2 protein chains.
Amino acid sequence: MALRVRKNKAVIPPACPIDEGVKLLGGAWTPHVIWFLSQQPRRFSELRKDIPGLSARVLSARLRQLQDRGVITRTPLSTSPPSVEYALTELGRELLPAITALVSVALKLNAKPRPR
Amino acid sequence: MALRVRKNKAVIPPACPIDEGVKLLGGAWTPHVIWFLSQQPRRFSELRKDIPGLSARVLSARLRQLQDRGVITRTPLSTSPPSVEYALTELGRELLPAITALVSVALKLNAKPRPR
DNA sequence: CCGGATCCATTTGGATACTG
DNA sequence: CAGTATCCAAATGGATCCGG
């Protein structure tokens with residue numbers, strides 16, 4: 001069989017600031033994590049309890065990427081048993097207005113009976 | 001072969017307004033579409049030219065879901081050749097502040113040299 | 001010109017088990 | 001407690017073809 005190459009998914013990076021912004025909240029549960037951290041710094045297992053259904057694997061992934069993007073800080077504490085505290089950075093807190101704006105539009109849209 | 005059922009993906013809807021908000025901008029290219037429509041009403045093929053790399057299939061899907069959510073309107077025009085015009089609704093325009101807020105945070109984050 | 005249908009590659013993230 | 005590793009199901013979206 002002639003090895004059909006299938007050049008699928010070949011193309012371009014959009015390289016637009018809009019995408020960057022949306023990617024900040026992109027992954028599953030990301031907004032929840034930011035939301036709970038905005039109320040107070042939290043530890044790993046506290047976040048798991050805060051957000052039922054969120055697996056350790058995904059929480060771990062989200063925390064890492066938020067950290068990489070400078071949205072949250074990670075602070076290991078020398079307690080016994082050892083624990084790690086996560087908190088929003090200054091810039092992270094600046095995401096909150098954007099999130100609440102999104103939410104308020106979503107609420108209005110849900111309220112609408114879809115005029116169609 | 002014992003038919004392993006694999007109850008994967010079993011659980012819960014978060015049912016949180018935050019998710020709803022994020023879903024408004026969730027799909028690929030969604031923010032781009034909203035952005036270009038915010039500048040002026042546009043036709044299908046104009047949007048395709050505005051956004052290189054966006055396939056007809058996906059543009060079609062995005063337009064439909066934005067329409068279903070009440071963010072944009074779709075107006076077929078009896079021109080020759082026939083064309084269809086898309087525009088933001090009132091509520092759709094309310095998404096713009098949220099988008100720009102997100103973008104401005106993203107720009108600041110990119111500027112940071114990742115303090116580590 | 002608009003956009004649906006089909007086919008498929010890539011990505012995402014849930015379940016589970018395990019380690020320091 | 002705080003994660004990491006493996007395995008796999010489902011969702012996403014690109015390419016291409018086709019019909020209204």
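This structure is a prediction, so every number in the text was calculated from the model and none was measured. Every chain is numbered from 1 and lettered A, B, ... according to where its sequence line falls, protein lines coming before strand lines.
Direction change of the helix axis from one end of the helix from dC1(C)-dG20(D) to dG20(C)-dC1(D) to the other is 50°, with five pairs defining each end axis (rounded to 10°).
In this structure, Arg57(B) reaches the bases: a heavy-atom distance under 4.0 Å links it to at least one base atom across the strands shown.
Following rounding to the nearest Å, Leu54(B) (CG) and dG3(C) (C1') show an atom-to-atom distance of 13 Å. The interatomic distance linking Ile51(B) (CD1) with dG13(D) (P) rounds to 13 Å, in whole Å. For Leu63(B) and dG4(C), the CG to C1' distance is 14 Å, given to the nearest whole Å. As a whole-Å value, the separation of Arg64(A) CZ from dT12(C) C1' is 16 Å. As rounded to whole Å, 13 Å separates atom P of dG3(D) from atom CG of Leu66(A). If you measure from atom CG of Asp19(B) to atom P of dT12(C), you get 18 Å, rounded to the nearest angstrom. What separates CD of Gln65(B) from P of dG4(C) is a distance of 12 Å, to the nearest Å. Note: CG (Leu59(B)) to C1' (dG4(C)) measures 13 Å, nearest angstrom.
Regarding contacts with the backbone of dA15(C), every side-chain N or O of Ser55(A) stays at 4.0 angstrom or more from both OP1 and OP2. Between Trp29(A) and the phosphate of dG14(C), there is a side-chain N or O to OP1/OP2 separation shorter than 4.0 Å.
DNA chain D lies under 4.0 Å from at least one heavy atom of each of the following residues of residues 74-81 of chain A: Arg74(A). Listed by residue number, the members of residues 36-48 of chain B with any heavy atom below 4.0 angstrom from DNA chain D form an empty set. Taking a 4.0 Å limit (strictly below) on heavy-atom distances, residues 82-89 of chain B reaches DNA chain C at Pro82(B), Ser83(B), Val84(B), Tyr86(B).
Residues passing the side chain to side chain contact (heavy atoms under 4.5 Å, CB included) test with Arg57(A), sequence neighbours excluded: Ser55(A). Under the salt bridge (charged side-chain N to carboxylate O under 4.0 Å, His left out) criterion, Arg42(B) pairs with Glu46(B), Asp50(B), not counting sequence neighbours. Applying the salt bridge (charged side-chain N to carboxylate O under 4.0 Å, His left out) rule to Lys49(A) yields no partners; only residues at least two apart in sequence or on another chain are considered. With sequence neighbours excluded, the residues forming a side chain to side chain contact (heavy atoms under 4.5 Å, CB included) with Arg48(B) are Phe44(B), Ala56(B), Leu59(B), listed by chain and number.
One distance of note links CG of Leu25(B) with CD1 of Ile34(B); it measures 5.0 Å at 0.5 Å rounding. Separation of atoms CG (Leu54(A)) and CZ (Arg62(A)) is listed at 9.0 Å; rounding is to 0.5 Å. For the atom pair CZ (Phe36(A)) and CD1 (Ile18(B)), the distance works out to 7.5 Å, reported to the nearest 0.5 Å.
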Would you tabulate the side-chain donor-acceptor contacts of residues 91-105 of chain B under 3.5 Å, counting partners in other chains and residues two or more places apart, or write 'none'?
from	atom 1	to	atom 2	distance (Å)
Glu94(B)	OE1	Lys108(A)	NZ	2.7
Glu94(B)	OE2	Lys108(A)	NZ	3.4
Thr100(B)	OG1	Leu96(B)	O	3.2
Thr100(B)	OG1	Pro97(B)	O	2.9
Ser104(B)	OG	Ala101(B)	O	3.1

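Among residues at least two apart or in separate chains, side chain to side chain donor-acceptor pair (under 3.5 Å) pairs with a member in residues 76-87 of chain B are Arg74(B)-Tyr86(B), Thr79(B)-Ser83(B).
Looking only at side-chain heavy atoms (C-beta outward), Gln65(B) and Val71(B) stay at 4.5 Å or farther from each other.
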